[in-house]
Amino acid sequence: MIVAKFGGSSVKDASAMRSCVKVVKTTPGLGVVIISATYNTTNELEKLYSSLVQGDLTAANSQWVQIQERHLKMGQELGEYCLGPFQVLMDSLNFKLKEIFTVKELGSRHRDLILSFGEQISSLLFQLILKEEFKSEREVHLVPATSFIKTDSSFGLAIPKPESIKLYSEGLFREGLRNGHLFVTQGFIGSDGNDQVTTLGREGSDYSATLLAAAINASEVHIWTDVDGIYSADPNIIKTAKKLKELTYDEATVLASAGAKVLFPKTLAPLRDQGIPLRVGKTENPTGEGTWIRSSVENPNDLIGITAKERSDGLILTLVGKGVYNLDIEHSEIDRGDIFRSFYHQGGENEEILGLWYKRYFS
Ligand code: ASP
Ligand code: MG
């Protein structure tokens, strides 16, 4: 049984959502779909929260109206059948927001609640179109992530509780999956012991997918995004960067932690024990080979990739792969591990520096 996650750019509008539906329909064995908020919505909700903190209710209100209108338009484009359930959800979110508007001391728990609106809206729309698509062929259920992604109460960066997640997800999914039902749920959000909404950290939907996959012992996780896989360097900057066919959990984790934006750094941890493989692929090119991440790979690469993180007036460049120890690099080394070395490069234009380093060590 496969767990698939679609990122924000994959559900950015009605036509992008339809591409996701195509992927769902052509993936045999797919049992659970995890959805991110639509593109940029979480950022907009962050702004809404800031407006509230600053006491600017007018700004907060107009930000909320814009978010609603954008999604209403999406619902209209997707089909009439979306509008009733969409309005029901909006009524309940409006009610919650009104309550938050009256709170004197806002804190991170209110922020998490507000941020969760993005995934709540996108997942509802996605479940509705899947339902319409499958009709009586297959049952499609929407399960709130708050009912099984149990976490501690560190709002904003909540720590999941794998045992509780397993317990709750077995109860919620097992029977339906056995009967061939399809489930839709939200990435990024969970709930604590008091059933308050928590979030796993910005960009954390990948993590939701692997936490659930481990809990229900899925056979694979598919992460669908707007790039064809993981590259030896950011393909938006380095046009000659190579797509990596396969990576180990360690290699992918180092790349993600050192700045490759394609995966949330904690994503692979839940998969290790069971050795569940994860594939990163592009929604608009579902038959492409993507990048597979597993316990071990067939043809290990000595030099895997380079990532960059911006720091005040310089860049931290991390070279990944066990071969990095054979390289002679005359820069101040600031960190190293089994399969990486990080360097500080001061001054100059960031993209140009990354280009230079890539050319020197990877081509
Ligand atoms: N919507 C959340 C964010 O933008 C989580 C995610 O997309 O992974 O941070
Ligand atoms: Mg992401």
Side-chain angles (χ1 to χ4, degrees), residues 6-17 35-129 142 144-146 149 151 153-158 186-192 194-205 208 261:
F6 292 96
S9 53
S10 297
V11 292
K12 66 173 188 280
D13 52 30
S15 102
M17 273 208 182
I35 297 289
S36 287
T38 61
Y39 182 74
N40 213 27
T41 299
T42 314
N43 293 335
E44 288 172 3
L45 291 164
E46 292 256 30
K47 285 189 197 135
L48 192 167
Y49 175 69
S50 303
S51 303
L52 285 180
V53 171
Q54 288 155 16
D56 192 346
L57 297 191
T58 318
N61 207 48
S62 81
Q63 281 154 337
W64 177 232
V65 168
Q66 276 180 32
I67 294 171
Q68 284 191 83
E69 281 177 353
R70 190 160 47 75
H71 287 95
L72 173 62
K73 193 173 149 254
M74 248 177 107
Q76 284 163 337
E77 274 176 49
L78 289 167
E80 277 282 320
Y81 59 89
C82 291
L83 302 181
F86 177 80
Q87 199 47 55
V88 173
L89 175 63
M90 284 308 149
D91 289 347
S92 108
L93 298 184
N94 275 316
F95 183 79
K96 285 183 194 159
L97 202 58
K98 286 248 161 63
E99 270 186 349
I100 301 175
F101 273 33
T102 65
V103 174
K104 294 264 165 336
E105 297 226 344
L106 290 167
S108 48
R109 78 186 56 208
H110 304 105
R111 174 183 171 269
D112 276 7
L113 182 57
I114 291 177
L115 294 194
S116 79
F117 291 5
E119 269 75 7
Q120 291 192 53
I121 304 173
S122 60
S123 60
L124 173 74
L125 292 175
F126 200 66
Q127 184 236 2
L128 292 169
I129 52 175
L142 179 63
T146 47
I149 297 286
T151 70
S153 302
S154 343
F155 297 96
L157 205 60
Q186 304 93 19
F188 181 53
I189 65 184
S191 71
D192 70 359
N194 299 317
D195 291 328
Q196 303 224 50
V197 176
T198 55
T199 63
L200 301 175
R202 289 302 312 275
E203 303 300 326
S205 292
S208 307
K261 290 180 200 82

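This chain uses plain numbering: 1 for the first residue, then up along the sequence.
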Trainee: Are any side-chain N or O atoms of Asp56 and backbone N or O atoms of Ser51, one a donor and one an acceptor, separated by less than 3.5 Å?
Mentor: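 Between the backbone of Ser51 and the side chain of Asp56 there is no qualifying donor-acceptor contact (under 3.5 Å).
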Trainee: Not counting sequence neighbours, which residues clear side chain to side chain contact (heavy atoms under 4.5 Å, CB included) with Ser62? List them please.
Mentor: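 None.
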Trainee: So, using side chain to side chain donor-acceptor pair (under 3.5 Å) as the criterion, who are the partners of Glu44 when residues are at least two apart?
Mentor: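 Glu44 satisfies side chain to side chain donor-acceptor pair (under 3.5 Å) with Arg70 once adjacent residues are dropped.
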Trainee: So, for Ser153 and Asp192, which heavy atoms are closest and what is the spacing to 0.1 Å?
Mentor: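 That closest heavy-atom pairing would be OG-OD2, 2.8 Å.
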Trainee: Listed by chain and number, what are the side chain to side chain donor-acceptor pair (under 3.5 Å) partners of Asn40, not counting sequence neighbours?
Mentor: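 Applying side chain to side chain donor-acceptor pair (under 3.5 Å) to Asn40 gives Asn43.
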Trainee: Which heavy atom in Phe155 sits nearest to a heavy atom in Asp112, and how many Å separate them?
Mentor: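 Between these two residues, the closest heavy atoms are CA-OD2, 3.3 Å.
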Trainee: Give the minimum heavy-atom separation between Leu115 and Thr42, together with the two atoms involved.
Mentor: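 Nearest heavy atoms, Leu115 then Thr42: CD2-O, 3.8 Å.
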Trainee: Give, for atom CG of Leu97 and atom CG of Leu113, the distance between the pair rounded to the nearest 0.5 Å.
Mentor: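 Answer rounded to 0.5 Å: 8.5 Å.
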Trainee: Which pair of heavy atoms, one from Ser208 and one from Ile189, lies closest together, and at what distance?
Mentor: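 Heavy atoms of Ser208 and Ile189 come nearest at OG-N, 4.5 Å.
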Trainee: In chain order, what residues pass the side chain to side chain contact (heavy atoms under 4.5 Å, CB included) check against Ser50, with sequence neighbours excluded?
Mentor: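 Side chain to side chain contact (heavy atoms under 4.5 Å, CB included) check on Ser50 returns Gln54.
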Trainee: Can you tell me how far apart CG (Leu48) and CZ (Arg111) are? Round to the nearest 0.5 Å.
Mentor: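 Atom-to-atom, Leu48:CG and Arg111:CZ are 12.5 Å apart.
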Trainee: Among all residues two or more places apart in sequence or in another chain, which pass the side chain to side chain donor-acceptor pair (under 3.5 Å) test with Asn194?
Mentor: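 Testing Asn194 for side chain to side chain donor-acceptor pair (under 3.5 Å), a comparison that skips the adjacent residues, returns none.
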Trainee: Counting only N and O atoms by type, is there a donor-acceptor contact under 3.5 Å from the side chain of Tyr39 to the main-chain atoms of Gly7?
Mentor: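 Looks like no, no N/O pair under 3.5 Å.
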Trainee: Listed by chain and number, what are the side chain to side chain donor-acceptor pair (under 3.5 Å) partners of Ser108, not counting sequence neighbours?
Mentor: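 Side chain to side chain donor-acceptor pair (under 3.5 Å) check on Ser108 returns nothing, list empty.
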Trainee: Sorted by first residue and then second, give each salt bridge (charged side-chain N to carboxylate O under 4.0 Å, His left out) pair with at least one member in residues 79-99; sequence neighbours left out.
Mentor: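 Counting only pairs at least two positions apart or across chains, no salt bridge (charged side-chain N to carboxylate O under 4.0 Å, His left out) contact touches residues 79-99.
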Trainee: Can you list everything that forms a side chain to side chain contact (heavy atoms under 4.5 Å, CB included) with Ser10? Sequence neighbours excluded, please.
Mentor: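 Testing Ser10 for side chain to side chain contact (heavy atoms under 4.5 Å, CB included), a comparison that skips the adjacent residues, returns Phe6, Cys20, Thr283.
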Trainee: Drop me the distance from His71's NE2 to Ile67's CD1, to the nearest 0.5 angstrom.
Mentor: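 Spacing of NE2 (His71) from CD1 (Ile67) equals 7.5 Å.
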Trainee: Might you point out which heavy atoms bring Thr146 and Ser191 nearest each other, and give the distance in Å?
Mentor: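 Closest pair (atom of Thr146, atom of Ser191, distance): O-OG, 2.7 Å.
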Trainee: Sequence neighbours left out, what pairs pass ring-ring contact (aromatic ring centres under 6.0 Å, His included) with at least one residue falling in residues 84-111?
Mentor: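 Residue pairs with at least one partner in residues 84-111: there are none.
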Trainee: What distance do Ile114 atom CD1 and Lys47 atom NZ have between them, rounded to the nearest 0.5 Å?
Mentor: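 The NZ atom of Lys47 is 14.5 Å from CD1 of Ile114, to the nearest 0.5 Å.
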Trainee: Can you find a pair of side-chain heavy atoms, one from Leu93 and one from Gln68, that are under 4.5 Å apart?
Mentor: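 Sidechains of Gln68 and Leu93: no contact.
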Trainee: Are any non-hydrogen side-chain atoms of Met90 and Trp64 less than 4.5 angstrom apart?
Mentor: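 A side-chain contact exists here, since the closest heavy-atom pair is under 4.5 Å.
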Trainee: To the nearest 0.5 Å, what is the distance between OG1 (Thr199) and CG (Leu157)?
Mentor: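 Rounded to the nearest 0.5 Å, the OG1-CG separation comes out at 7.5 Å.
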Trainee: Going by salt bridge (Lys or Arg N to Asp or Glu O under 4.0 Å), name the residues that satisfy it together with Lys73, two or more places apart in sequence or in a different chain.
Mentor: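 Scan of Lys73 (salt bridge (Lys or Arg N to Asp or Glu O under 4.0 Å), adjacent residues dropped) gives Glu77.
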Trainee: Considering residues at least two apart in sequence or located in another chain, which fulfil the salt bridge (Lys or Arg N to Asp or Glu O under 4.0 Å) criterion with Arg109?
Mentor: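 Partners of Arg109 by the salt bridge (Lys or Arg N to Asp or Glu O under 4.0 Å) criterion come out as none, since no residue qualifies.
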Trainee: Compare every heavy atom of Ala158 with every heavy atom of Leu200, then report the nearest pair and how far apart it is.
Mentor: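 Answer, listing the atom of Leu200 first, then Ala158: CD2-O, 3.8 Å.
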Trainee: Run the side-chain donor-acceptor check on residues 117-128: report pairs under 3.5 Å with partners two or more places apart or on a different chain.
Mentor:
| from | atom 1 | to | atom 2 | distance (Å) |
| --- | --- | --- | --- | --- |
| Glu119 | OE2 | Ala37 | N | 3.0 |
| Gln120 | NE2 | Ser116 | OG | 3.1 |
| Ser122 | OG | Ser36 | O | 2.8 |
| Ser122 | OG | Gly118 | O | 3.3 |
| Ser122 | OG | Glu119 | O | 3.3 |
| Ser123 | OG | Glu119 | O | 2.7 |
| Ser123 | OG | Gln120 | O | 3.2 |
| Ser123 | OG | Gln186 | NE2 | 3.1 |
| Gln127 | NE2 | Val140 | O | 3.3 |

